[in-house]
Protein chains: 4
Amino acid sequence: MADSSRAAPGGARTAGPRRATKAPRTKPAEVRRAELMAAAERLFLSQGVEATTVAQITRAAGVAKGSFYLQFTTRDELLSALRRRFLDDYLEELDAVVGEVPEDHHAARLAVWTAVTLSVFLDGAAQRGLLFAAPGDYAAPTPASPGGGNGAVERLTALLEAGARAGTWRLPAARATAVFLFHGLLGLLDDRAGVDREALEEAAMALVERLVLASD
Amino acid sequence: MADSSRAAPGGARTAGPRRATKAPRTKPAEVRRAELMAAAERLFLSQGVEATTVAQITRAAGVAKGSFYLQFTTRDELLSALRRRFLDDYLEELDAVVGEVPEDHHAARLAVWTAVTLSVFLDGAAQRGLLFAAPGDYAAPTPASPGGGNGAVERLTALLEAGARAGTWRLPAARATAVFLFHGLLGLLDDRAGVDREALEEAAMALVERLVLASD
Amino acid sequence: MADSSRAAPGGARTAGPRRATKAPRTKPAEVRRAELMAAAERLFLSQGVEATTVAQITRAAGVAKGSFYLQFTTRDELLSALRRRFLDDYLEELDAVVGEVPEDHHAARLAVWTAVTLSVFLDGAAQRGLLFAAPGDYAAPTPASPGGGNGAVERLTALLEAGARAGTWRLPAARATAVFLFHGLLGLLDDRAGVDREALEEAAMALVERLVLASD
Amino acid sequence: MADSSRAAPGGARTAGPRRATKAPRTKPAEVRRAELMAAAERLFLSQGVEATTVAQITRAAGVAKGSFYLQFTTRDELLSALRRRFLDDYLEELDAVVGEVPEDHHAARLAVWTAVTLSVFLDGAAQRGLLFAAPGDYAAPTPASPGGGNGAVERLTALLEAGARAGTWRLPAARATAVFLFHGLLGLLDDRAGVDREALEEAAMALVERLVLASD
DNA sequence: TATGAATGAGTTTTCATTCAT
DNA sequence: AATGAATGAAAACTCATTCAT
């Protein structure tokens, strides 16, 4: 602030005792960014998003506070980046795996959609709560916010409609079913107290089948 | 902090000449507490929990900042109180309304459970996101956090099990079904973009029936 | 920031060993404000405006940092307040003292204007540089910023015009003369190296007379 | 840091095949310094000194941040350099132009001094406020700060004294008059609201004459 | 010489909580 | 019980300066 009373910063290493090999202090932006995101993810998980400060993140990442702002303009931007990355990965996997199933195997596609969703949110369980805390975060893109929605429900809706058209199942409201199904699944994940993965997957699959394939 | 039904302290009223008409500055703790909670609820709804300060709450409630701490030891305590109250009201209504249906009318009980849940969360839609933001907030009481759980899933589980025992429906995993159903329902609420209440209730009911009454 | 990880502040006195008499920790806003302004003025004087931090000001005023923001919404607001107060005082004195001289004693009015200006800026010498650092701070109110100007030049211009109309002096451009005179005076103040007050006033007066009463 | 006229280092140019056309990355220190100063001047003008960061300056100059510190040890040093350069140019022109007037034409010398000062500060108007913001920046070198002073007042003082000795005018206090005159002039520049250059110069000249040549 | 990633002290501002009246 | 001035511990973000490459 002052013209002439600015402190003279100093070097100061982070830690590391020797640096025998290389360990360049200066890393590619990509790497730094990834390290910060990883550190943040860990902290968000253990303390919650709100309780985590930029200082903690940089400390955990082993960089100075200022370095954070070399990668993100804002604490919030990090959050968005985390969200986006998680979603992108999820949707990418969804598309890849579902894409391998022949288009007219609707039931199989549904099973695969469910399995992938379950597995992604199981592994990234934490992200789920961390990144989609606000109600509406899973919501469909509305005219008001066309960027909304997360893609998963949209894909599922399309899948359900295709199956309905083909007569694989009968569904009065594909979109509502998709939403119900998606959230039901996530709820299951939230709730899994002492339930092992196997059992969880089995139960989930059964419920999905009941819901979609119900003869009624 | 005190009980609840305490007469408005007006010792000086009978004798003292001034302040004949004005409302008593000293209100029963219960009333103050309720006023603060109401103010907080309003603010949380319009601005979000994080963005609402104690100062704003007391201003809105028309009391001094210090008075807040006469009713709540902490800002967080207010949040808990709000949560607890919402849940208690919900569960109370659930018990009351479901209780009116004969014990052996399982399908009717399920329908009523659904209708009440839907209606409560529709009206208190906002609270939902405000008060149950963290993952696990709906979860069952675990050994780790025995205070967890919200009772709704537990009641639904019991209801589903009773119906299964009676043969009204067949369910391999009552608890999982209850969880799935509950979250699916909430998801539907989150997602309702331009859907009117009627349609929402109808769709929800249909889905619940499909899930539970599925012939399989 | 976090919902539940806020630090619990503590009391902590400022200093004062005993507090035998009264010294209420809680002072009227007016007083606190004045104390902060006084402290700021002192610091601005010795270190410059830019180099002075809010922390320094509150420390000097013997209050906690937060107390600053009870009186000023912003560091800049303090600056404005300081400016405004200085100007108001100056103009008030100008009006009061000049007002005592009969309206048609133009030369006397000019002398009084000069004396007051000199004395005010001598005593508040520092403010001058502190508060009117930006070029244009003394400027006339323009159509663009009608609030601009400091009033002193305007008053002087009117005074000079009156004298010209009365034939006390002849002036081709009253406004320009006023501006020139005002800044010349301030320059003198800036420059006074080892010159005592008496001498300064005498020299200033002589110059003003030369400039305005020049027979030419 | 080096001299100034150094051939563009192009040792590799004759042999190496690449970079045949592009400008040399390595420029003489003088040039770099000048480019940085130019960029800084531009930014200071448009945003203010305080608001301009080293990063902005280097970006505008098309060099890396680190290169700044190859030319200036400090941000403040750049400011000094800018100040010094402006003053040097001004004084140089003053000496050159005034020097062309015969030594005994005191009135003419004064007129020329005024014209040059006016013109320099009119063109470099902005620098004025940017570089001489602090009070005392125009002041005479004092025993306390012997580096102070800007030379202009000193030259004017000498000029006025010479004229007084020659009887061209009578001045009780040459130094005070010089200071008054100099600041009066600058004030005029500051104040010029909608006044064109011509009119400004005319008014200034008239005031200077009144002040110095006053019959009194 | 040139680079720009990295540093970290320092700044303003916010706000839960306390406590003297 | 009620008040609201006072507190001070953070938090987010900036930026002059350094230094390994």
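As the structure is a prediction and not an experimental result, all values here were calculated from the model. All chains are named by letter (A, B, ...) in the order of the sequence lines, taking the proteins before the strands, and each is independently numbered beginning at 1.
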Next on the checklist: Any side-chain to backbone donor/acceptor pair from A:Ser67 onto A:Val63? Under 3.5 Å, distance only.
Outcome noted: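 Such a contact is absent between A:Ser67 side chain and A:Val63 backbone.
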Locate the shortest heavy-atom distance separating [X] from [Y]; write the atom from each residue and the value.
X	Y	result
C:Tyr69	C:Thr74	CE2-CA, 4.4 Å
D:Thr52	D:Gln47	OG1-OE1, 3.2 Å
C:Val54	C:Phe68	CG1-CG, 3.8 Å
D:Ala39	D:Ile57	CB-O, 3.8 Å

Could you check how far [atom1] of [X] sits from [atom2] of [N], rounded to whole Å?
X	N	atom1	atom2	result
C:Leu36	F:dA5	CG	P	14 Å
B:Glu77	E:dA16	CD	P	15 Å
B:Arg32	F:dT3	CZ	C1'	11 Å
C:Glu30	F:dA5	CD	P	13 Å
A:Arg59	E:dA6	CZ	C1'	17 Å
C:Leu78	E:dT13	CG	P	11 Å
A:Glu50	E:dA16	CD	P	13 Å
A:Tyr69	F:dA11	OH	C1'	8 Å

In Watson-Crick or G-U wobble terms, both distances under 3.5 Å, what is the partner of [N]?
N	result
E:dA16	F:dT7
E:dA9	F:dT14
F:dT21	E:dA2

Checklist entry - C:Thr74 side chain: which of E:dT13, E:dT7, E:dT17 is closest? => result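 Nearest nucleotide to the side chain: E:dT13.
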Next on the checklist: Starting the side chain at C-beta, find the nucleotide from F:dT18, E:dT17, E:dG4 nearest to D:Ala64.
Outcome noted: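 Given the options F:dT18, E:dT17, E:dG4, the side chain of D:Ala64 is closest to E:dG4.
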Next on the checklist: Side-chain N or O of C:Arg75 versus OP1/OP2 of E:dT11: is the shortest distance under 4.0 Å?
Outcome noted: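 Looking at the OP1 and OP2 atoms of E:dT11, neither is under 4.0 Å from any side-chain N or O of C:Arg75.
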Item to check | Contact nearer the 5' end of DNA chain E, comparing A:Phe68 with D:Phe68 | outcome: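 Of the two residues, D:Phe68 wins.
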Item to check | 5'-most by nearest nucleotide on DNA chain F - B:Ser67 or D:Gly66 | outcome: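 Looking at the nearest nucleotide for each, B:Ser67 comes out on the 5' side.
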Checklist entry - Taking the nucleotide of DNA chain F with the closest heavy atom to each, which residue, C:Leu70 or A:Lys65, is nearer the 5' end? => result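 Nearest nucleotide further toward 5': that of C:Leu70.
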Checklist entry - At under 4.0 Å between heavy atoms, what does B:Thr53 touch on the DNA or RNA strands: base, sugar-phosphate, or nothing? => result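 Sugar-phosphate contact only.
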Next on the checklist: Does D:Thr58 reach a base, just sugar-phosphate, or nothing at all? Heavy atoms under 4.0 Å.
Outcome noted: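 The residue D:Thr58 makes no contact with any strand.
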